[in-house]
*Asks:* 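Quick one: the structure is below, and I'll ask about it shortly.
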There are 2 protein chains.
Amino acid sequence: MTYDKALSALGDTTRRHVFEAVARKPQSVGQIAADMPVSRPAVSQHLRVLSDAGLVMCQAQGTRRIYTACPDGLDALRSWLDRYWSEVMSRFADEVNSGKEDA
Amino acid sequence: MTYDKALSALGDTTRRHVFEAVARKPQSVGQIAADMPVSRPAVSQHLRVLSDAGLVMCQAQGTRRIYTACPDGLDALRSWLDRYWSEVMSRFADEVNSGKEDA
DNA sequence: CTTTATCGTAAGTCATAGCTTACGGTAAGT
DNA sequence: ACTTACCGTAAGCTATGACTTACGATAAAG
């Protein structure tokens, strides 16, 4: 049950941008912050939240920390989405069918 | 490009609960609020946000408004997830492989 | 050993947004 | 027509959280 953390983490726009940047290419904190309109500590705090949500992980390289996207969070997110996807889609199909039958 | 609205909308916990309740079963505003620890107007406001994100839609029935989950928002969410899913997974597989080769 | 680069954390500020109460508006029931 | 049920919106309050600056810690470089 970690999809709630993942969704809460990705709910913030700038934090989602941080994740997307890391997902596209593993980067150090400084590199991420350089491409963003917020300070480096802000990026660090966002990475902390993303890490707690299982969306990123880091690996020390000298004094730098290379952050990489982690499948765990996306995995939880996907299973959550699939569940409601099928539920909503089947109901939506039924609605359309009954609507046609009523007409 | 409406996945950002969907993610922002589902980022809040109680709002996600509202969506999940609607997704499980189409309900009126009063019914949803009855099963939640917040007031009815609060639920209305959440439904407003969910509607703007394409996650729910409503259909008047007398003085009641029956809210139903809408595929649009989930669709946008799914395509966003798929994109980063494949990207992250392939990179993750490469990391594991290179790690094994190094050992 | 000193200096430099990179980063996480703490403290404090401030805006956002979620919640409540109050109100008005529509549709059904009597 | 009057009352009741159900709902959306406005106004206001408050707490959460996102951001910044300042500091301390670690590792490489010289």
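Per chain, numbering begins at 1; letters A, B, ... match sequence-line order.
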*Asks:* Start with the C-alpha distance between B:Arg64 and B:Val29, add both sets of side-chain angles, then the distance that settles side-chain contact (heavy atoms from CB on, under 4.5 Å), and finish with yes or no.
*Replies:* CA-CA 8 Å; B:Arg64 297 189 192 171; B:Val29 181; over 6 Å; no
*Asks:* Hey, does B:Ser28 have a side-chain heavy atom less than 4.5 Å from the side chain of B:Arg65?
*Replies:* no
*Asks:* Just to confirm, is there a sub-4.0 Å distance from OP1 or OP2 of C:dC19 to any side-chain nitrogen or oxygen of B:Thr14?
*Replies:* yes
*Asks:* Less than 4.5 Å apart, any side-chain heavy atom of A:Leu55 and any of A:Cys70?
*Replies:* no
*Asks:* With a 4.0 Å cutoff (strictly under), does any side-chain N or O of A:Ser44 reach OP1 or OP2 of C:dT9?
*Replies:* no
*Asks:* Mind listing the residues from residues 60-67 of chain B sitting with a heavy atom below 4.0 Å of DNA chain D? Number order is fine.
*Replies:* B:Thr63, B:Arg64, B:Arg65, B:Tyr67
*Asks:* Side chains of B:Asp35 and B:Gln27, heavy atoms from C-beta outward: is any pair under 4.5 Å?
*Replies:* yes
*Asks:* With hydrogens left out and only the distance checked, is there a donor-acceptor pair under 3.5 Å joining B:Gln45's side chain and the base of C:dT20?
*Replies:* yes
*Asks:* For a quick check under 3.5 Å, do B:Thr2 and B:Asp4 share a side-chain donor-acceptor pair by atom type?
*Replies:* no
*Asks:* Both B:Gly30 and A:Arg15 contact DNA chain D. Taking the nearest nucleotide for each, which residue is further toward the 5' end?
*Replies:* B:Gly30
*Asks:* Is the shortest heavy-atom distance from the side chain of A:Leu10 to the side chain of B:Trp80 under 4.5 Å?
*Replies:* yes
*Asks:* Please state how far atom CG in B:Leu47 lies from atom P in C:dG18, giving the value in whole angstrom units.
*Replies:* 13 Å
*Asks:* Do A:Tyr3 and A:Arg78 meet the criterion of a side-chain donor-acceptor pair at a distance under 3.5 Å?
*Replies:* no
*Asks:* Think B:His46 has a side-chain N or O under 4.0 angstrom from the OP1 or OP2 of C:dC19?
*Replies:* yes
*Asks:* Considering heavy-atom distances to DNA chain C, does B:Asp12 or A:Val29 have its closest nucleotide positioned more toward the 5' end?
*Replies:* A:Val29
*Asks:* Hey, are the side chains of A:Tyr84 and B:Arg24 touching, using non-hydrogen atoms and a 4.5 Å cut-off?
*Replies:* yes
*Asks:* So what does B:Arg40 touch, heavy atoms closer than 4.0 Å: a base, only the sugar-phosphate, or nothing?
*Replies:* base
*Asks:* Kindly calculate the angle separating the two end axes of the helix from C:dC1-D:dG30 to C:dT30-D:dA1, each obtained from five base pairs, and round it to 10 degrees.
*Replies:* 20°
*Asks:* Quick check: do B:His46 and B:Asp12 have side-chain heavy atoms less than 4.5 Å from each other?
*Replies:* yes
*Asks:* For residues B:Leu77 and B:Leu7, determine if any side-chain heavy atom of one lies less than 4.5 Å from a side-chain heavy atom of the other.
*Replies:* yes
*Asks:* Using the heavy-atom set of chain B and a strict 4.0 Å cut-off, write down the first and last nucleotide of DNA chain D that makes it in, 5' to 3'.
*Replies:* D:dA5 to D:dA10
*Asks:* Looking at B:Ala53 and B:Ala9, what are the two nearest heavy atoms and their distance?
*Replies:* CB-CB, 4.0 Å
